[in-house]
Amino acid sequence: MTLQPPLRRAIGVFDSGVGGLTVLEALRRRMPHRDFVYLGDTARVPYGRKPPEMVVDFANGIAEFLCGLGVEGLVVACNTASAVALPGLAERCPVPVWGVIDPGVEAATRATRGGTVGVIGTKATIGSGAYQRRLQAHGLETWAQACPMLVHVVEEGLADSSEAEILVRHYLDGRPEIDALILGCTHYPLLRGVLQRVVGDAVTLVDSAEVTAETVSAAMDGAARPKAGTDAHGAGRVVHFVTGDPAAFAHTARVIGGVDGEMVPLPVTALDRRTRGTAASTARMDSR
Ligand code: DGL
């Protein structure tokens, strides 16, 4: 598939749904001059309760699709896919690939004072031990908890609801004393208000978006990058591919200020190597 007008210096970003938009926002603030292609695989969300090999398959298909659009780099804005698919993706892709777990750990090492860090994520992310291994390698004490229902709450647009608070209290009930909590799923920053209320102000909530953006912009643009922290988005273009219902995606994304850019519905078969040719060419360009 080729987009018209063609992309310029684009970076591909993907997640199972709206969660990765939190990372996309940070990337755009750091690199306002670049184009971005975001893929929200909402037809197959949640990834976190699927077998790892299935998520690896999804991630490979998405990476091939985005690389086929000519992106210069790929950001896996999904902890689940980063936990289970990253080393393989980095080997397969012709462009640099970044995940969100190492940046999340880096952010936690900067945030903790006492060295006891909590991490919450999907079943697959927590089950993979990806965070726990890295945190322990930094000498940090770790408490980890899977919170499978939270992705649904966010995707349903209920991030700031009493239902969300009940679930968060339930999952965090057994936590030891921690001074930093890693939001190890890119959907969770959308629950920041509820999470902070439950853990209290003494606990720093850590998400990987800013450190990921810092790492990617340093690698892609080096010293030439524009001043960090630029608030306004620059002239770069953003195209969102959505495999599920684009209206539902736009509705949920309103929590973080909405979807800014073009929206292209994409049949999920376009991400499957066996059916890609025909399906991709039928994706409709629907400028908003
Ligand atoms: N937002 C993703 C993550 O960071 C995936 C959540 C899901 O689809 O289960 O893990």
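Order of listing sets the numbers, starting from 1, for every ligand and every atom in it.
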Which pair of heavy atoms, one from Arg192 and one from Asp207, lies closest together, and at what distance?
-> NH2-OD2, 2.7 Å
According to the side-chain hydrogen bond (donor to acceptor under 3.5 Å, both in side chains) rule, which pairs have a member within residues 111-120, sequence neighbours left out?
-> Thr112-Asp179
Any ion pair linking Arg237 and Asp35 (charged N to carboxylate O, less than 4.0 Å)?
-> no
Can you list the steps and then say if Phe14 with Phe65 is a ring pair (Phe, Tyr, Trp, His ring centres under 6.0 Å)?
-> CA-CA 11 Å; Phe14 75 89; Phe65 175 79; over 10 Å; no
Counterpart residues, side chain to side chain donor-acceptor pair (under 3.5 Å), relative to Ser161 (two or more places apart) | Glu163
For ligand 1, list all ligand N or O to protein N or O distances below 3.5 Å, rounded to 0.1 Å.
unit_1   : atom_1 : unit_2 : atom_2 : d
ligand 1 : 1 (N)  : Asp15  : OD1    : 3.0
ligand 1 : 1 (N)  : Asp15  : OD2    : 3.4
ligand 1 : 1 (N)  : Thr186 : OG1    : 2.9
ligand 1 : 1 (N)  : His187 : ND1    : 2.7
ligand 1 : 4 (O)  : Asn79  : N      : 2.7
ligand 1 : 4 (O)  : Asn79  : ND2    : 3.1
ligand 1 : 4 (O)  : Thr186 : N      : 2.8
ligand 1 : 4 (O)  : Thr186 : OG1    : 3.3
ligand 1 : 8 (O)  : Ser16  : OG     : 2.6
ligand 1 : 8 (O)  : Tyr47  : N      : 2.7
ligand 1 : 9 (O)  : Tyr47  : N      : 3.2
ligand 1 : 9 (O)  : Gly48  : N      : 2.8
ligand 1 : 10 (O) : Asn79  : N      : 3.4
ligand 1 : 10 (O) : Thr80  : N      : 3.1
ligand 1 : 10 (O) : Thr80  : OG1    : 2.7

With sequence neighbours excluded, what pairs up with Arg9 under the side-chain contact (heavy atoms from CB on, under 4.5 Å) test?
-> His33, Arg34, Glu72, Asp221
